[in-house]
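Contents: one structure, followed by commentary.
Along the sequence shown, residues are numbered consecutively beginning with 1. Here the structure is a predicted model, which means the values were calculated and not measured.
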Amino acid sequence: MGCRFWRQYSVGPYILDFYCPALRLCIELDGELHQEKENKLYDQDRDAYLKEHDIIVLRFKNEEVESRLGATISKIMTYLPKTPLA
């Protein structure tokens with residue numbers, strides 16, 4: 001759809017896994033470390049910061065991407081424009 005995602009994109013004090021500036025859409029892939037309480041709190045603060053800067057954050061667990069790739073892609077596609085970007 002003409003959307004370009006950058007890998008390891010810096011926004012403020014954070015590094016985003018994948019980011020499309022044209023859509024202000026961030027995709028985060030979370031491993032097991034993100035399940036620990038301290039990391040969950042960090043992710044909440046980070047997501048709040050990004051929301052304050054009008055960035056949509058989609059989070060997927062690594063296992064989810066590996067076992068249900070089609071469903072993951074379908075969810076991402078709902079955030080992409082219906083017609084290609086110029």
Side-chain angles (χ1 to χ4, degrees):
M1 300 311 298
C3 303
R4 182 169 184 162
F5 282 83
W6 294 90
R7 186 171 175 259
Q8 301 295 296
Y9 192 90
S10 178
V11 173
Y14 301 105
I15 305 285
L16 311 182
D17 288 344
F18 299 94
Y19 181 63
C20 178
L23 300 176
R24 303 191 68 76
L25 178 62
C26 166
I27 298 173
E28 290 294 309
L29 304 179
D30 295 342
E32 288 184 31
L33 291 176
H34 289 267
Q35 298 306 311
E36 296 175 10
K37 184 178 180 180
E38 181 179 306
N39 292 333
K40 282 184 179 186
L41 295 173
Y42 175 85
D43 286 343
Q44 288 174 357
D45 290 343
R46 183 176 185 273
D47 289 355
Y49 175 90
L50 296 172
K51 185 176 180 179
E52 288 172 10
H53 289 84
D54 299 318
I55 295 174
I56 298 166
V57 179
L58 299 180
R59 286 191 172 278
F60 299 97
K61 293 180 180 178
N62 288 346
E63 317 78 64
E64 180 181 2
V65 175
E66 293 170 358
S67 65
R68 298 179 18 168
L69 182 59
T72 302
I73 291 171
S74 292
K75 183 170 182 179
I76 294 168
M77 293 294 288
T78 64
Y79 288 85
L80 302 184
K82 302 298 180 216
T83 58
L85 297 176

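You'll find the side chain of D17 stays beyond 4.5 Å of the side chain of R7, heavy atoms only. In this structure the side chain of K40 never reaches within 4.5 angstrom of the side chain of D43, judged on heavy atoms. Side-chain contact between Y9 and P21: present, with at least one pair of heavy atoms (C-beta onward) separated by less than 4.5 Å. The shortest side-chain heavy-atom distance between F18 and L29 falls under the 4.5 Å cut-off.
Salt bridge D30/R59: present, at least one basic N to carboxylate O contact under 4.0 Å.
In the hydrophobic clustering of this structure, V11 does not group with F5; members are Ile, Leu, Val, Met, Phe, Trp, Tyr whose side-chain heavy atoms approach within less than 4.5 Å, directly or through other members. Cluster annotation: I56 and I73 are assigned to the same hydrophobic cluster (Ile/Leu/Val/Met/Phe/Trp/Tyr, side-chain heavy-atom contacts under 4.5 Å, transitive). The cluster map of Ile, Leu, Val, Met, Phe, Trp and Tyr, joined by side-chain heavy atoms under 4.5 Å apart, puts I27 and V57 in different clusters.
Classification of the Y14-Y42 ring pair by plane angle, with boundaries at 30° and 60°, yields perpendicular.
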side-chain contact (heavy atoms from CB on, under 4.5 Å) for E28 and L58? Distances and angles first, verdict last. CA-CA 6 Å; E28 290 294 309; L58 299 180; over 6 Å; no

Check the pair Y19, Q8 against side-chain contact (heavy atoms from CB on, under 4.5 Å), reporting the backbone distance first and the verdict last. CA-CA 8 Å; Y19 181 63; Q8 301 295 296; over 6 Å; no

Residue pair E66, T72: steps toward the side-chain contact (heavy atoms from CB on, under 4.5 Å) verdict: CA-CA 9 Å; E66 293 170 358; T72 302; over 6 Å; no

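G12 and Y49 get closest at one heavy-atom pair: CA-OH, 3.4 Å. Nearest heavy-atom pair, K75 versus F60, reported as atom, atom and distance to 0.1 Å: CD-CE2, 3.8 Å.
Under the side-chain contact (heavy atoms from CB on, under 4.5 Å) criterion, A71 pairs with R68, sequence neighbours left out.
If you run side-chain contact (heavy atoms from CB on, under 4.5 Å) between I55 and each of L50, D47, L23, only L50 comes through.
Atoms CH2 and SG, on W6 and C26 in that order, are 15.5 Å from each other to the nearest 0.5 Å. Considering SG of C20 and CG of L25, their distance stands at 6.5 Å, rounded to 0.5 Å.
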